[in-house]
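Working notes, beginning with the structure itself.
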Amino acid sequence: MLFDKRNANTLPLTGAKNWSVEEDIQSKVERPLNLRRSSIISGKKKALVHLKLKLSLLKILIRHYRNPLDWIRGLRFLIKLRRRFLGDHVLRKMAFVDGKYYMGLFTPGWNDKVYERFIASELKHFRENNTAAFRFNHVFLAITKKCALRCEHCYEWESLNKKETRTTAEIQATVKKLQDFGTAQIHFTGGEPMLKIDTLISLMQKASKETNFWMNTSGLKLTSTNARRLKEAGLTGVFISLDHYEAEAHNSFRNYKDAFYWATEGAKNAINNGLVVAFSICMTKEFVNEENIRKYMDLARDTGVHFVQFLEPKNVGHYKDKEVSLNDYQIKLLENTFLKMNFSNGYLDYPLITYHGYYQRRHGCYSWGKKGLYVDTDGDINPCTFCHRKSGNILDPHIEEKLEQMTTSGCPAY
């Protein structure tokens, strides 16, 4: 068996309702949204979109620089930047969701209003322009300690289901602070953010539209109605944790009897309501082999998600002081899968794969206050969700100094 069979029923939970599938008796007939069909595109259609994207980059350069030579040099800079991460590999597909095109989970979709500011921010490394640059590419913002699951690998295990220490007003102030810094993406996490759906919606409704909002969730209570509400409030997409293609194994890993149902059903509801959807999997030592990866990717394709995020287990939270690291063979297998499924023609109908470990081993970590950040359930800044080193509260008036200290210290792992 891939996992020890423990009690998969939900444990008693203080302050959060014990949800079950049986409570989801909602009507399937709901007010439709005006959406364009979601899909993975490739071939000639993808090539045409990519050409249009390049032309839009040229337009951005023309708007920000007067010298025609800078237009060509800036375009070359962007091409070199892409090759720095992808090498000579050519991405064979894109995700098309509600009129926008996505090549990665941490880059705004092309045709999104945030996209131009994102590109102009990157161009500041080429030559200064008058755009208010994004300070952060992405920030993970925990909005609750509450969760109905007891996940094997939970990085917030020590804080889970303890008393909330922050008010909605403080979280709202945090969103504003991050937007004042300039943040392209804010990822709401927890705990389980769906247990605070009204807070989530309020946060997005009151925020500036200069940021894309995402949610990291188990899929709990992500009904069609709730997915529609989140979409209308401004949510771009969801990362849904799914750690196995077999329901029993995933439910055991999450220690919740309906975890698989909510992950897969929530994904379908999110897709049908125009959200970008990624399955996020913790690639444990027990799981990583060719057969399991293939069956998982088959499930992701058949569900219709746009991305799959590979995460390597880290000894933090519930994995603290445990030997969970993958061996060299398993890492190589994940890297080969990432390259094969994204950059070859044999897997054009599969979701795109995001694999942070691949880039981190080659280019270092871009979190640690450089491009990313984690604001935990107490409002304290940390290098990332897997590096719990509190460096002061996000609302501290001297937060700039704290950020500088964090960035200077660097990442010990990469």
Side-chain angles (χ1 to χ4, degrees), residues 105-106 134-147 151 153-160 162 164-166 170-193 196 199-200 203 207 211-218 236-239 241 278 280 282 309-320 354 356-357 359-360 364-396 399-414:
L105 283 167
F106 293 89
F134 284 126
R135 167 72 176 273
F136 301 115
N137 181 28
H138 61 276
V139 172
F140 293 94
L141 173 58
I143 66 169
T144 181
K145 298 176 186 287
K146 301 304 178 185
C147 188
C151 302
H153 65 325
C154 179
Y155 59 79
E156 275 291 350
W157 188 260
E158 291 87 355
S159 300
L160 216 59
K162 292 185 178 178
E164 302 282 18
T165 59
R166 300 222 294 161
E170 288 173 326
I171 300 172
Q172 183 69 57
T174 297
V175 171
K176 185 178 186 307
K177 184 77 171 181
L178 294 173
Q179 291 194 309
D180 289 344
F181 273 130
T183 304
Q185 296 181 340
I186 294 177
H187 295 244
F188 296 116
T189 182
E192 173 51 67
K196 293 276 191 173
T199 298
L200 264 178
L203 291 171
T211 298
N212 287 158
F213 293 104
W214 292 72
M215 178 177 64
N216 292 19
T217 177
S218 66
T236 296
V238 292
F239 289 71
S241 297
S280 182
C282 178
Q309 177 178 244
F310 289 177
L311 294 176
E312 295 176 20
K314 306 293 184 183
N315 55 350
V316 65
H318 202 211
Y319 274 166
K320 187 177 181 180
T354 294
H356 306 287
Y359 298 112
Q360 288 169 330
C365 180
Y366 278 84
S367 195
W368 283 80
K370 297 177 182 177
K371 295 282 189 178
L373 192 67
Y374 173 48
V375 181
D376 66 23
T377 53
D378 295 319
D380 293 323
I381 61 170
N382 297 259
C384 76
T385 55
F386 300 116
C387 295
H388 293 185
R389 300 187 179 185
K390 294 175 181 284
S391 299
N393 194 278
I394 185 67
L395 298 180
D396 189 316
I399 189 61
E400 283 282 8
E401 298 175 15
K402 305 294 185 181
L403 284 170
E404 182 63 29
Q405 292 170 7
M406 176 191 294
T407 303
T408 302
S409 66
C411 176
Y414 299 102

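These figures come from a predicted structure and were not determined experimentally.
- Here the side chain of Thr144 pairs no donor or acceptor atom with the backbone of Lys196 at under 3.5 angstrom.
- Of all heavy-atom pairs spanning Leu311 and Ser280, the tightest one is CD1-OG, 3.4 Å.
- Atoms CD and CD1, from Glu164 and Ile143 in turn, are 9.0 Å apart once rounded to the nearest 0.5 Å.
- Side-chain contact, Glu192 with Thr217: a donor N or O sits under 3.5 Å from an acceptor N or O.
- Applying the ring pair (Phe, Tyr, Trp, His ring centres under 6.0 Å) criterion to His153, with sequence neighbours excluded, gives Phe253.
- A search for salt bridge (Lys or Arg N to Asp or Glu O under 4.0 Å) contacts involving Asp378 returns Lys145, Lys390, not counting sequence neighbours.
- Not counting sequence neighbours, Arg166 has no partner by the salt bridge (Lys or Arg N to Asp or Glu O under 4.0 Å) test.
- Between the side chain of Ser367 and the backbone N or O of Pro383 there is at least one donor-acceptor pair closer than 3.5 Å.
- For the ring pair (Phe, Tyr, Trp, His ring centres under 6.0 Å) test, no residue two or more places apart in sequence or in another chain qualifies with Trp368.
- Partners of Asp180 under the side chain to side chain donor-acceptor pair (under 3.5 Å) rule, at least two apart in sequence or in another chain, are Lys176.
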Would you sort out whether Thr354 and Phe239 count as a side chain to side chain contact (heavy atoms under 4.5 Å, CB included), showing the intermediate values? CA-CA 12 Å; Thr354 294; Phe239 289 71; over 6 Å; no
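- Two rings, from Phe386 and His356, have their centers 6.0 Å or more apart.
- The shortest non-hydrogen separation linking Cys282 to Tyr319 is SG-CE1, 4.4 Å.
- Side chain of Asn315 to backbone of Lys320: no donor-acceptor contact under 3.5 angstrom is found.
- Every residue meeting the side chain to side chain contact (heavy atoms under 4.5 Å, CB included) condition with Ser391, not counting sequence neighbours, appears here in chain and number order: Ile381, Met406.
- Note that CD of Glu158 is 9.0 Å distant from NE2 of His318, once rounded to the nearest 0.5 Å.
- Applying the side chain to side chain donor-acceptor pair (under 3.5 Å) test to Lys314 and every residue at least two apart in sequence or in another chain returns Tyr414.
- Side-chain contact check for Leu141 versus Ile394: every heavy-atom pair is 4.5 Å or farther apart.
- Between the side chain of Gln185 and the backbone N or O of Leu105 there is at least one donor-acceptor pair closer than 3.5 Å.
- With sequence neighbours excluded, the residues that form a ring pair (Phe, Tyr, Trp, His ring centres under 6.0 Å) with Phe310 are Tyr355.
- Residues passing the side chain to side chain contact (heavy atoms under 4.5 Å, CB included) test with Thr211, sequence neighbours excluded: Gln179, Ile186, Phe213.
- Here NZ of Lys146 is found 10.5 Å from OG1 of Thr377. Values are rounded to the nearest 0.5 Å.
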Dump the intermediate steps for side chain to side chain contact (heavy atoms under 4.5 Å, CB included) on Thr174 and Leu395, then the final yes or no. CA-CA 7 Å; Thr174 297; Leu395 298 180; 4.0 Å; yes
Checking side chain to side chain contact (heavy atoms under 4.5 Å, CB included) for the pair Thr199/Phe188: CA distance, chi angles, key distance, verdict? CA-CA 11 Å; Thr199 298; Phe188 296 116; over 6 Å; no
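- For Thr189, the side chain to side chain contact (heavy atoms under 4.5 Å, CB included) partners two or more places apart in sequence, or in a different chain, are Phe140, Ala142, Tyr155, Asn216, Tyr374.
- Distance check: Cys154 SG to Leu160 CG gives 5.0 Å after rounding to the nearest 0.5 Å.
- Here the straight-line distance linking atom CZ of Phe181 with atom CG of Leu373 works out to 8.5 Å at 0.5 Å rounding.
- Here CD of Glu170 is found 7.5 Å from OG1 of Thr165. Values are rounded to the nearest 0.5 Å.
- The side chain to side chain contact (heavy atoms under 4.5 Å, CB included) test applied to Lys371 returns Glu122, His125, Asn137, Tyr366, not counting sequence neighbours.
- For Lys162, there are no salt bridge (Lys or Arg N to Asp or Glu O under 4.0 Å) partners two or more places apart in sequence or in a different chain.
- Nearest heavy-atom pair, Trp214 versus Val238, reported as atom, atom and distance to 0.1 Å: CE3-N, 3.8 Å.
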